[in-house]
Every structure is written in C-alpha cells, then in structure tokens.
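Here's the structure, in structure tokens; my notes come after.
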Amino acid sequence: MKRRPALAGLTLALVVTLTACGGGDTGETTSSSGSGKTGSVTVDQGTPRKAKSTEVTGVRDTERHVTRKTSTATRPHYVKKCETDTHRVKHTRRSKGRTKTWYTTETDRDCHKVRRGTEKYTRVVRRERWCVRLDDVSGARVTTGKDDVWFRVPHTEYSDVRIADQRAKVTIEPTAQGC
C-alpha cells in the first residue's frame, strides 16, 4: 500500500520532465533562410513544412478590414418588482395530556421582472471581421491552385499577414471561408 503514492509521484515527475524536455522546436525563430513564424501565421521562405488539417497556404494577395456597424434601437425595460405576503401559522404541542397552541406570522417575498417602459441600446448590425485574400491556395478547406480566395481570420493573424512582404507565401488558420 505504501508504494502507490510513491509510484504516483514518480509517474508525475516523469510526465513533467518529458513534457518540459520534449517541446522541441517552438517555431519562434525568424531568420533569412527557413521559415519564420510570427504568432500563428507562418511566412514560408522556402523550407517545406507539414500543414495541419485546418491550415491553408497561399501567396498573399490583399487583405480587408470590415468595421463593425451599429445602430441605436429600443427594447423593453424590465424592473424587479417584489411583493411581500404575510400569513398566520398555527403551532401546537402536546405534553402530558395538554395541548399548547401558539401562532406566528411568517412573511413570503415573491420577486419577478415586470415591463416598465423602453430603453435605448446599441445594436450590432455587422460584427467586425478581418479577411485575407490568397492566390495559389492549397490546404484542407479548398482545392489546390485556386486564385483570389477570401478567408476570414482572427485579428492577430490579420496583423501578421499585413506585416509580411507583398506576394509572400503565408500559412493561415482561417475561421471561415469568404469575407
């Protein structure tokens, strides 16, 4: 029985050591030859690299930032309304052939929301999005060799693609196809 905690501790230490040492290449080096990785967008400069199933590779064409569109709208305004209810409760106790009776007053509180007027709020008509257009696209989401394909990407990937050279080969992880 005493070996089980020691074995568990040894297993935990082994897992932690292997995790820390087995990281290998972090992909954060940038050099003039090879591939430099900035965030999750990879600017490929000649070295072949295995693509993940969601990654798409292509030549950077252009990018587009679609701003958020809002409008002012009205909606019902709800307020909390509480009602207090009191009722009389009868208590009885029997002891030695006698019955003792007394009364107490208990209160119940019932709260719910009721509509009272309207309020103005900012309604989002179109969410903000960032898009990248690639040429010579290859990857899991599209057929190989397509040109002018738009992909929606997170803001961080959009920023990384913008700093890449014009017509550079980039690898992105799109959130959706089309813009």
Side-chain angles (χ1 to χ4, degrees), residues 8 11-80 111-179:
T11 305
L12 180 64
L14 183 64
V15 168
V16 168
T17 305
L18 288 176
T19 305
C21 296
D25 181 31
T26 59
E28 295 176 351
T29 59
T30 305
S31 63
S32 59
S33 65
S35 66
K37 187 161 182 164
T38 319
S40 58
V41 174
T42 303
V43 179
D44 192 8
Q45 299 168 347
T47 306
R49 180 175 172 266
K50 283 187 178 178
K52 293 181 183 174
S53 61
T54 59
E55 288 184 345
V56 174
T57 303
V59 178
R60 175 186 169 214
D61 188 5
T62 186
E63 61 278 328
R64 179 187 299 161
H65 175 224
V66 181
T67 58
R68 184 175 89 149
K69 186 177 181 182
T70 61
S71 70
T72 304
T74 58
R75 62 182 170 204
H77 179 69
Y78 289 94
V79 295
K80 188 176 180 182
C111 296
H112 54 279
K113 290 185 175 184
V114 293
R115 185 174 170 175
R116 177 138 329 140
T118 58
E119 63 182 358
K120 291 185 184 274
Y121 74 103
T122 303
R123 184 172 68 93
V124 178
V125 177
R126 180 183 61 215
R127 293 179 59 193
E128 184 175 29
R129 60 183 186 257
W130 299 270
C131 302
V132 174
R133 187 168 74 180
L134 300 178
D135 288 337
D136 299 329
V137 179
S138 63
R141 293 181 179 235
V142 292
T143 57
T144 305
K146 278 195 169 183
D147 284 340
D148 298 331
V149 182
W150 283 99
F151 295 100
R152 193 173 303 167
V153 293
H155 179 259
T156 53
E157 291 196 20
Y158 174 80
S159 300
D160 292 340
V161 169
R162 285 202 63 184
I163 4 182
D165 294 333
Q166 190 67 24
R167 306 298 296 168
K169 191 170 184 181
V170 293
T171 301
I172 60 172
E173 282 193 54
T175 55
Q177 191 169 351
C179 190

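By convention here, the first residue in the shown sequence is residue 1. Both backbone and side-chain heavy atoms feed into the values below; hydrogens, waters and symmetry mates do not.
Checked against side-chain contact (heavy atoms from CB on, under 4.5 Å), Ser71 has the following partners two or more places apart in sequence or in another chain: Arg123, Val125. Scored by the side-chain contact (heavy atoms from CB on, under 4.5 Å) test, Asp135 finds Val59, Asp61, Asp147, Asp148, Arg167 as partners (sequence neighbours excluded). For Trp150, the side-chain hydrogen bond (donor to acceptor under 3.5 Å, both in side chains) test picks out no residue, with sequence neighbours left out.
Using a 4.5 Å heavy-atom cutoff, the side chains of Ile172 and Phe151 are in contact. Residues Val149 and Arg133 are not in side-chain contact: their nearest non-hydrogen atoms beyond the backbone lie 4.5 Å or more apart. You'll find the side chain of Cys179 stays beyond 4.5 Å of the side chain of Arg152, heavy atoms only.
In this structure, Glu119 pairs ionically with Arg75, as a charged nitrogen and a carboxylate oxygen lie closer than 4.0 Å.
Atoms CD and CD, on Glu55 and Glu173 in that order, are 5.0 Å from each other to the nearest 0.5 Å. Atoms CZ and CZ, from Arg162 and Arg60 in turn, are 7.5 Å apart once rounded to the nearest 0.5 Å. Thr74 OG1 to Tyr121 OH: the interatomic distance, rounded to the nearest 0.5 Å, is 7.5 Å. With rounding to the nearest 0.5 Å, the separation of CZ in Arg127 from OG1 in Thr67 is 14.0 Å. For the atom pair Cys131 SG and Glu63 CD, the distance stands at 10.5 Å (nearest 0.5 Å).
In terms of heavy-atom proximity, Val170 sits nearest to Ala164 at CG1-CB, 4.1 Å. Of all the heavy atoms in Tyr158 and His65, the pair that sits closest is OH-CB, 3.6 Å. Between Trp130 and Pro154, the shortest heavy-atom contact is CE3-C, 4.3 Å.
At a cut-off of 3.5 Å, with distance as the only test, no side-chain donor of Glu128 or His155 sits close to an acceptor on the other residue. In this structure, a donor-acceptor pair under 3.5 Å is present between the side chains of Thr171 and Thr57.
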* To do: Determine, step by step, whether His77 and Thr118 satisfy the side chain to side chain contact (heavy atoms under 4.5 Å, CB included) criterion, reporting the C-alpha distance in whole Å, the side-chain angles of both residues, the deciding distance to 0.1 Å, and the verdict.
  => CA-CA 5 Å; His77 179 69; Thr118 58; 5.6 Å; no
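More than 12 heavy atoms of other shown residues, nucleotides or ligands fall within 6.0 angstrom of atom CZ in Arg126.
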